[in-house]
Amino acid sequence: MTKARIYVTYKSTVLDPQGNAIQTALHHLGFADVESVRMGKYLEVELHTDDTSRAQEEVEAMCQQLLANPVIESYRFDLETVQ
Amino acid sequence: MTKARIYVTYKSTVLDPQGNAIQTALHHLGFADVESVRMGKYLEVELHTDDTSRAQEEVEAMCQQLLANPVIESYRFDLETVQ
Amino acid sequence: MSRTDTAVSDADLREVSLTRSEYERICAQLGRAPNRVELGMFGAMWSEHCGYKNSRPLLKLLPTDGKHVLIGAGEENAGAVDIGHGLAVVFKVESHNHPSAVEPFQGAATGVGGIVRDIFTMGARPIALLNSLRFGPLSDARNRYLFNGVVGGISHYGNCVGIPDVGGEVNFASCYAGNPLVNAMCVGIIPQEKLIRARARGAGNTLMLVGAATGRDGIHGASFASLDDPELSHRGVVQVGDPFMEKLLIEACLELGETDYLVGLQDLGAAGLTSSSVEAAHKGESGVDIDVSRVPCREEGMIPYEIMLSESQERMLAIVRRGAEEHVEAIFSRWGLHSTVIGRVTSDGIVRVRNGGEVVAEIPAHLLADAPTYVREGTLPTYLQETHAFQQESLPEPQDYNDVFLKLLASPNIASKECVFRQYDYSVQVNTVQGPGGDAAVLRVKGTPAGLAVTIDGNGQYCYLDPFGGGAIAVAEAARNLACVGAEPLALTNCLNFGNPEKTDVYYQLEGVIRGMVAACAALDVPVVSGNVSLYNETRGQPIYPTPMVGMIGKLESLQQSTTLAFQREGDVIALLGPQTDHCGGSEYVAHILGRVTGQVPSIDLDMEVRVQAVCRQSIRDGRISSAHDCSQGGLAVALAESAIAGGIGFQVDIPGAGRADGLLFGEGQSRIVVSLPEENLAAVRALAADHGVPLTVIGSVQGDAVVLGDTVSVPLASAQRAWQNGVAEALAAAG
Amino acid sequence: MRIGIVQFPGSNCDYDCLHVIRAVLQVQADLIWHEETQVTGYDALVLPGGFSYGDYLRSGSIARFSPVMRAVTEFADDGGLVLGICNGFQILTEAGLLPGALLRNSALEFRCGWVHLRVESVKSPFMATYETGQVVRMPIAHGDGSYVADPAVLNRMRDNGQIILRYCDAEGDVSAAANPNGSIENIAGICNENGNVFALMPHPERCAEPELGSVDGLGVWQAMVLALTSVPLRV
Ligand SMILES: Nc1ncnc2c1ncn2[C@@H]1O[C@H](COP(=O)(O)OP(=O)(O)O)[C@@H](O)[C@H]1O
Ligand SMILES: [Mg+2]
């Protein structure tokens, strides 16, 4: 099995109101060190294959087709072979 | 500066309706290898400190107080010192 | 079957929330000791939540019969009333207080999901949601978290399933701090002949479980709901709702309701598969035989005990004609839903649970369904001596009435709740004629000239200070809110939120409130068709105010014959229908400005109430009045201000009545409705009022852009509007 | 004439649109299940509001892969009239039939209420009954209505008259205060280059009958019928 960890974030040109709201809330809570917060999505996808290059291709395709919207988002992922 | 990458996911016993819907969608798209999908949140928080142990403590506190809901979610994070 | 574990420890019993004597009763009735699975099933079915152990004798007092009633309280998942045109309206309110205290967003969301299932399980299409909420003061961070979470959860779930959320209430008081109240109401509509029953009938027919897979969610939820300190007890049982799955279930079940494949349909709520199968068997005078090994599970290694008690959301039990299974499966699968045959209807009256070949529980359905009941004795709560002794004269009279008036308008209990209901889709389904913001919401009934009016009301503070009077007022106020839009009340549903009934003063409150409701139901001729009881609402031994919520449905023969609370035009006369008083005990004025919840609740003359409502309703039908709004929290002054703000026009009013101005303006005397009307209609309305023996006092006129009450209050309408509009947001922000 | 309303799992304004077309316009209409692969026999298509697939992942992201969407795309490419409302708008942008994307409301809350809209362009046949500059009032009910597009794309849309509706106040002023969701340039509705695909976040089906408080949305439906009766029907 291969486990893919996929991170989808807004492109830097896209405003992230959720990140901003969290930043404000953290400041209210007294976390004065916080400079910036960006919020994104995190997906864990388990694939029934041990073939990393195949997994690589498949996950790439999933991200392009469904998991990220190229108009507003970018993505990256890493793969790990698991039991 | 320290950059924290925070991953918040539902605990494994908690139903993840989004993950399930995405899994079904991926199957429909022909990604038959997909065994399971879990959906979570991904946050990038930049902290105005280079002191890693301090950052560690602060991010831990943020997660517990605000970023994750301990009743249904678990979290993990990693830290990186950046320019 | 294992019949060995006779020695049951106190800890075992505590886990299933049964007492030793209840356990002994079970042994005697079964003629043997129950095994673990059976004990868990008894615990769930005999919990207050499912079994109404403490409340049933009192609930029996409520009138359940009436000329419009098709299905009365207790018969089915929800009650049904005849609204003419061959249609029935099905409605019910339910609490999700304990789960919401632990995880407000999901707790409230799944509360909506649960009440919606109660409605479509009867075949009815859900057409409206309402919600009634109570929190501790917004000055506390935890309360703000609960408030935001609960509203967000209701919004998330209700919007996704596409049912308009057209009304509700939000109130704040310290007693709800650790124990918020989240009551959700759903209304559905259906041609009468299509009503589906929740019955397992016809030996050999098939039980199919539909919807979400079963997880370890909410095990013991029903029993825990019957324990105080939800914080501790509920941690492990939080569930995440899936409104998308629910929407599919609604559509699939309604489609199934159009076929003749169904014998019965039952949702899985508290106590999951146990209560749904027991109730279906019991009501169908049948038995059921279930194989838990067939139940699709979400988690590995689930044991029969867990499967029978799981409260996983978005599941339904369909009782299907033998032979129709494949057709039923096809309908569900078209909607992307899994359905599985899990058992059969039998004729022996026994609920038999197997795990593959092994029988793991075998109990006559009636034993599970008939929980023991406890008739308790109440004692007069000691605090009442002090609150009754309160002397209105001891109040210092305000120096600055304008200031007090604006503060009262900004009190979170009185201020606009728009920041809440704008998060709810209230216009989907294209029926919403009057959405939230008025006295009652009005929906059209497509294909007919008729309208439905709906409201939910409750005032815990009144019930705390006077259980009987508060109970009566809750019912009267709901009916009055319907009268203000011109509707005739048909029936009510209710949710009784109380503390621990084993305490004699709490039991006194419960009994008093119910008796008060009974009196008002009788006077107004409104029967009770459904309801729910939520007891043990306490934090660290401190009970909440006794808080009955009354949801009421009314009918408008014609949508044309309706009105709103908004002033319509300059020059209209403003009149007060009903008796004026300067009594201010128990009011929001005393609570908010003076910081004390005390005094005698305004007395209610139910006979006068009935007549005032009749006059209001008739004047609306006759097309004689421009606006109507009842006096509730904040009294006459606030009622006038709300009509002015809604209409965008001010008023000039001479304060009617004799006594101190604060009492006259802010007191909460009952049976009062502020109407505005064109001068030329005054004589006719006056005559109608006189006919009914209802006082009508002309108090001023709609005019200008200021709010003027005699020489006492004079503020620009814009200031009043600002205070009222921003009250809740400012309370949220002020605390930072 | 026959209108098709595409029904996705989780659509919840499908019956509302059906009601308006059948009961108010007296025109024939059907629901088209998302698994259909053909839309033959329909003269115009509506993608209704709701929460297709629960809005999971991103609103509209899963629905856009429904089998029917290939046929919808062909229909649109052939010049067929396609109306997207709310979730329908989101699905059309995800499917690439309209430019840009719809993000979470800037207040991070679902927003239900009445808004004023200024008609910026009547390029789309769906707007034939309105006039440029006209101010109308319609209900909104959405959580993801904040429209975004690249500056270059926006410029092209502006030049081409594709920006159809903007949120404004009662006087017609397009101001930040009148923007309910943080949408760029207060955009509430747009069309494609040809104008045959039009989508908006407000709900014209909820304001097409006087009982519901406004008939300002009726014109969109009437314009659709007008366009279909004044041009030869598609075969
Ligand atoms: N939680 C809520 N959800 C929806 N509507 C609400 C909610 N709270 C208040 N409202 C609406 O705000 C209006 C005023 O509420 P309230 O002051 O309790 O009215 P009343 O005293 O006449 O019952 C009502 O129309 C009510 O439906
Ligand atoms: Mg009222």
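A note on names: the letters A, B, ... follow the listed sequences, proteins ahead of strands, and every chain is numbered from 1.
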### Query
Is D169(D) atom CG crowded by more than 12 heavy atoms from other residues, nucleotides or ligands, each under 6.0 Å away?
yes
### Task
Please flag which part of P139(D) lies under 4.5 Å from any non-hydrogen atom of chain C: side chain, backbone, both or neither.
side chain
### Query
Which region of D242(C), side chain (C-beta onward) or backbone (N, CA, C, O), has a non-hydrogen atom less than 4.5 Å from a non-hydrogen atom of chain D, or is it both or neither?
both
### Task
May I ask you to name which of E246(C), H156(C), K247(C) has the most heavy-atom pairs under 4.5 Å with chain D?
K247(C)
### Cation-pi check, R125(C) onto Y15(D) ring (under 6.0 Å, within 45° of axis)
yes
### Query
Is atom NE2 of H338(C) surrounded by more than 12 heavy atoms (other residues, nucleotides or ligands) closer than 6.0 Å?
no
### Query
Does the separation of the ring centres of F244(C) and F51(D) fall below 6.0 angstrom?
no
### Query
Contact part of R422(C) toward chain D, heavy-atom cut-off under 4.5 Å: side chain, backbone, both or neither?
both
### Message
So which atom in S427(C) and which in C112(D) form the shortest heavy-atom distance, rounded to 0.1 Å?
### Response
OG-SG, 4.2 Å
### Between CD on residue E251(C) and CG on residue N12(D), distance to nearest 0.5 Å
9.0 Å
### Query
Given that the side chain runs from C-beta out, which part of Y53(D) has a heavy atom under 4.5 Å from chain C: side chain, backbone, both or neither?
both
#### Entry: Heavy-atom contact with chain D under 4.5 Å, split by part of V161(C)
backbone
#### Entry: Which atom of W33(D) lies closest to which atom of R334(C), heavy atoms considered
CZ2-O, 3.1 Å
### Query
Is a side-chain donor or acceptor of N159(C) paired with a backbone partner of A141(D) at a separation under 3.5 angstrom?
no
### Query
Atom CG of D425(C) and atom NE2 of H203(D): how far apart are they, to the nearest 0.5 Å?
6.5 Å
### Query
Once you round to the nearest 0.5 Å, how far does CD of E211(D) lie from NZ of K446(C)?
11.0 Å
### Summary
Closest heavy-atom pair, R444(C) versus L212(D), reported as atoms and distance to 0.1 Å, is NH2-CD1, 4.0 Å
### Interatomic spacing from OH in Y426(C) to CZ in R206(D) - rounded to 0.5 Å
10.0 Å
### Task
Please step through side chain to side chain contact (heavy atoms under 4.5 Å, CB included) for the pair D55(D) and C160(C), ending with a clear verdict.
CA-CA 8 Å; D55(D) 269 3; C160(C) 185; over 6 Å; no
### Query
Picking from G49(D), A208(D), G10(D), C13(D), which has the most non-hydrogen pairs under 4.5 angstrom with chain C?
G10(D)
### Task
Tell me, yes or no, whether the heavy-atom count around R2(D) atom CZ, taken from other residues, nucleotides or ligands under 6.0 Å, exceeds 12.
yes
